[in-house]
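Have a look at the structure below before the remarks.
Letters go in sequence order (proteins before strands), and every chain restarts at 1. Heavy-atom basis, side chains included; hydrogens, waters and symmetry copies ignored.
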Amino acid sequence: MINYKKYIQEKLFNILNVENISVENPPKENMGDFSVPCFNLRNEELKTPFEVSSYIKDNFVDDKGYFKEITVMGCYINFFLNYNSFDTLVINEIINNSSYGSFNQGNNEKLLLEHTSINPNASPHIGRIRNSLIGDFLGNLFSFVGYVVERHYFINDIGKQISYLLLAYEKYGNSKTTFKDMLELYIKINAESKVDSSIEEKAFYYLNELEHGNKEVREKFKHLTDICVEGQTSILNSIDIHFDIFTHESDFVFDDSTKNILDMLNKKNVLKEDDEGRKYADLSGYDIPTKSPVLVLTRKDNTSLYPLRDIAYTLYKLKRNSNNNYIVLGEDQETYMKQIAAVIDILELKAPVLISYSFVLLNGDKMATRDGKIVLLEDFLEIVKTKLKEEFNTRNILVNEENLSILANACIKYTMYNVSINKCVNFNYKDAISFTGESGIYILYSIVRINSILKSNKYDEGVSLKYINNIEHKIIKELYMFPYIIDSLLTTHEASSLTSYLYKLATLFSSYYENVPISSETDEVLKASRICLLISIKKVLTSALAVLGIKTVDKM
RNA sequence: GUGUCCAUAGCUCAACUGGAUAGAGCACUUGACUACGGAUCAAGAGGCUGGGGGUUCAAAUCCUCUUGGGCACACCA
């Protein structure tokens, strides 16, 4: 595929001897397909931007004939594509290239990505799920552009809260206790601990035994966390989110990892001990926005604190992959990750790249478990499915469970992805369940309409293509942009750019669908060309949706 | 208090990371259903981009002050 911006840049270099001149996409149709602002290109001979743009126009040699027109508009110079050749080129490329959209940026390199890692005592809810979705999106994206992605999940099976849960499980649970029951047990034991101090003592007793290698206690913890993780992952699987590697936090306590880290930090002269006997890493010299630049690593009884175990886990991940290593965490972890990164730097390694996101608000408020201001993922999915069923009933259409799931997933994913990563998602049922206008359903509906036409119209290979409508040029131009959109995501990590792109392409198609006949077109060349266009639109829509982890349906 | 992120139409969000007249959806108003599937399309109305100052040919975007919110700030994970 031709990179027109680069082509223009090379020609401009020949004319002005300036490299990488900014080539933009003009905001309006009458401004052409590519444009170059000439304000910054003034020099001693060309004193005004207008002189520059005129000079470029007079000296630009379009030897390949890509442009049908080059115009000067004020201080901009605008390039108009020669659509006759452009349209055919793009459509042929899309039809023939099985990985259209990818420039193979990953080149089969391995990439490690950690996301979600929910505490075992918690259930995936709309807030937490933002982590999983961003993680899944990144995994799909990296994989799409040719990385070999490994998705990691860290099971925090050793904290105080899991010890509480174990106590509750032993007191009230039985062999039939499920993951969902666990949440109630956890709330119950927390309430009890407020009036009964022996619970906290027992919890610490268990933790201590665990950390000192008591095999029986270890088994208990393992059994409990297995139930929880199984429950969590099956909910996540229901929205098509999967992991390759699960790692237990406790593993790093049972082997020598944490001890080794303390030794290494000691050798670097950053391991200090406070009055009470707690060990901490001295991070002075690093830009850590805390009151004092330290990271506490152990309790006074020498048992490990979470950061120490987390460092051990991070080293484990870096050992598997030191180059492409990513972690998705909420914005509340930013300072903490700076501390971890500092320690990793002291150990002369490169910390994982942090992708952080802002929280999800519920009707403008922060989600709070204790006030019941929380939307569990499974509950939300049920609500959407019920609403969808009603919609199908009014149309007298039978729908299967699988398609219901796909549509419900599309709903929630589109809603969550449509907001920039560092802005809060303001979640409300009304908008999330909306099936009209900008929504996941709208995109899937577009594909259903395409399918409907393709079913009764076959595509003949090798036909010559001809596009005569302005909207066809616009659609093809949009299709051409797809690989560049994908490429930009690698640096911005913004799923919202992709939802915008999908929506724009789908609206263009809808307008096309309403205004240009396809099946009923009598000119065979035009008809075949339009069928090819539909195939191309479908292919790009489907690829983009796949990056967002959204599947498509044949009918709805 | 210090650091950091955010504030754009009544509501929910965009704006190619400094470019041309700030764009969409919902809601509201009007038009198109004997339909290539109306979960749609065509159109209307809606803005001092929280406020002040600055840098620039050019600011929603950068700097500064200010107002209102989120998050973090040693022994939780």
Side-chain angles (χ1 to χ4, degrees), chain A residues 22 24-28 31 35 37-40 42 48-49 73-76 78 119 156 158-162 249 274 276-280 287-300 305-307 309-310 330-336 338-339 356 358-359 361 364 366 388 391-392 394-395 397 407 415 418-420 422-428 430-432 434-439 441-442 444-446 448-457 481 484-485 488 491-492 494 496-497 499-500 503-504 507 510-521 530 534 555-556:
Chain A
S22 160
E24 300 174 354
N25 305 315
K28 293 277 185 307
M31 300 169 180
S35 70
C38 299
F39 305 99
N40 295 329
R42 286 167 291 179
T48 68
M73 253 179 113
C75 303
Y76 288 85
N78 297 330
N119 284 341
N156 307 113
I158 203 175
K160 192 169 154 187
Q161 82 280 64
I162 195 76
E249 189 179 339
D274 71 4
E276 310 250 347
R278 288 173 279 242
K279 293 194 173 69
Y280 65 89
D287 180 27
I288 311 287
T290 57
K291 278 172 190 159
S292 46
V294 300
L295 182 61
V296 181
L297 300 172
T298 70
R299 296 191 181 89
K300 58 188 170 191
L305 286 165
Y306 177 73
R309 298 175 318 248
D310 195 20
E331 60 178 338
D332 54 335
Q333 307 281 323
E334 273 170 17
T335 303
Y336 169 71
K338 275 191 179 169
Q339 295 175 303
S356 84
S358 290
F359 287 128
L361 306 177
K366 208 194 157 187
L388 280 166
E391 191 72 34
F392 279 111
T394 64
R395 287 153 211 272
I397 296 173
L407 292 169
T415 303
N418 206 19
V419 180
S420 295
N422 58 351
K423 286 201 190 179
C424 289
V425 173
N426 244 313
F427 188 88
N428 68 71
K430 192 176 136 284
D431 290 349
S434 165
F435 300 155
T436 60
E438 184 169 7
S439 67
I441 300 291
Y442 176 87
L444 294 189
Y445 180 65
S446 305
V448 166
R449 286 172 135 189
I450 293 174
N451 284 340
S452 180
I453 297 176
L454 293 182
K455 206 158 47 177
S456 49
N457 295 279
M481 295 305 292
Y484 299 98
I485 299 283
S488 75
T491 49
T492 65
E494 279 285 8
S496 65
S497 310
T499 54
S500 305
Y503 183 66
K504 192 170 176 196
T507 48
S510 293
S511 177
Y512 184 52
Y513 177 91
E514 299 276 345
N515 294 306
V516 178
I518 298 164
S519 286
S520 57
E521 175 59 54
R530 289 171 191 171
L534 292 195
K555 56 175 189 172
M556 58 190 272

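Looking at heavy-atom distances under 4.0 Å, A:Ser520 makes no contact with the nucleic acid at all. Looking at heavy-atom distances under 4.0 Å, A:Phe392 makes contact with a base. Residue contacts shown for A:Asp274 include a base, since a base heavy atom lies under 4.0 Å away. The residue A:Ser519 sits close to a base: some heavy atom pair falls under 4.0 Å. Heavy atoms of A:Phe435 sit under 4.0 angstrom from at least one base atom. Counting any heavy atom pair closer than 4.0 Å across all strands shown, A:Lys430 reaches sugar-phosphate atoms only and no base atom. A:Met556 comes within contact range of at least one nucleobase, with a heavy-atom separation under 4.0 Å. A:Ile441 comes within 4.0 angstrom of a base, heavy atoms only.
Of the side-chain N and O atoms in A:Asn426, one or more sit less than 4.0 angstrom from OP1 or OP2 of B:C13. Put simply, A:Tyr442 has no side-chain N or O that comes within less than 4.0 Å of OP1 or OP2 on B:G37. Distances shown here put a side-chain N or O of A:Arg449 below 4.0 Å from the OP1 or OP2 atom of B:G38. Between B:A77 and A:Arg299, a contact under 4.0 Å exists linking OP1 or OP2 to a side-chain N or O. In terms of phosphate contacts, A:Thr335 brings no side-chain nitrogen or oxygen within less than 4.0 Å of OP1 or OP2 of B:C73.
Paired runs in RNA chain B that reach 3 or more consecutive Watson-Crick or G-U pairs, where each pair keeps both distances under 3.5 Å, cover B:1-7 with B:67-73, B:10-13 with B:23-26, B:28-32 with B:40-44, B:50-54 with B:62-66.
The shortest heavy-atom contact between A:Asn515 and A:Pro517 is O-CD, 4.1 Å. Closest heavy-atom contact between A:Tyr512 and A:Ile518: CE2-CD1, 4.1 Å.
The A:Ser511 side chain lies nearest to B:A42 when the options are B:U4, B:A42, B:A77. Relative to the side chain of A:Ile397, the nucleotides B:G37, B:G70, B:A74 differ in distance, and B:G37 lies closest. In the set B:A77, B:C71, B:U4, the nucleotide with an atom closest to the side chain of A:Asn156 is B:A77. The side chain of A:Tyr503 approaches B:A24 more closely than any other nucleotide in the set B:C41, B:A24, B:C71. The A:Lys291 side chain lies nearest to B:A74 when the options are B:C41, B:A74, B:C26. You'll find that the side chain of A:Glu514 is closest to B:C41, out of B:G70, B:A24, B:C41.
Side-chain atoms of A:Ser358 come within 3.5 Å of backbone N or O of A:Asn422 as a donor-acceptor pair. A:Ser434 places no side-chain N or O within 3.5 Å of a backbone atom of A:Lys430 that could act as its donor or acceptor partner.
In this entry the distance linking CZ of A:Phe427 with C1' of B:C13 reads 15 Å, nearest Å. The interatomic distance linking A:Lys160 (NZ) with B:A77 (C1') rounds to 11 Å, in whole Å. Protein atom CG of A:Leu297 is 13 Å distant from nucleotide atom P of B:C76, rounded to whole Å. In this structure, the OH atom of A:Tyr512 is 18 Å from the C1' atom of B:G37, given to the nearest Å.
Under 4.0 Å is where a charged nitrogen must lie from a carboxylate oxygen, and between A:Glu391 and A:Arg395 at least one such pair does.
Between B:A22 and B:G68, the distance separating the two P atoms is 31 Å to the nearest Å. Rounded to whole Å, the separation between the C1' atoms of B:G44 and B:C48 comes to 24 Å.
For A:Glu24, there are no salt bridge (charged side-chain N to carboxylate O under 4.0 Å, His left out) partners, not counting sequence neighbours.
Judged purely by distance below 3.5 Å, without hydrogens or angles, the side chains of A:Tyr503 and A:Asn418 never pair a donor atom with an acceptor atom.
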So which protein nitrogen or oxygen atoms get under 3.5 Å of nucleotides 14-23 of chain B's nitrogens or oxygens?
| unit_1 | atom_1 | unit_2 | atom_2 | d |
| --- | --- | --- | --- | --- |
| B:A14 | OP1 | A:Ser420 | N | 2.5 |
| B:A14 | OP1 | A:Ser420 | OG | 2.7 |
| B:A14 | OP2 | A:Lys423 | NZ | 3.0 |
| B:C16 | O2 | A:Asn25 | ND2 | 3.0 |
| B:C16 | N3 | A:Asn25 | O | 3.1 |
| B:G19 | O2' | A:Tyr76 | OH | 2.3 |
| B:G19 | O6 | A:Asn40 | ND2 | 3.3 |
| B:A20 | N6 | A:Ser35 | OG | 2.6 |
| B:A20 | N6 | A:Asn78 | OD1 | 3.3 |
| B:A20 | N1 | A:Asn78 | OD1 | 3.3 |

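With its glycosidic angle more than 90° from 0, B:U12 is assigned anti.
Between A:Thr507 and A:Tyr306, the residue anchored closer to the 5' end of RNA chain B is A:Thr507, taking for each the nucleotide with the nearest heavy atom.
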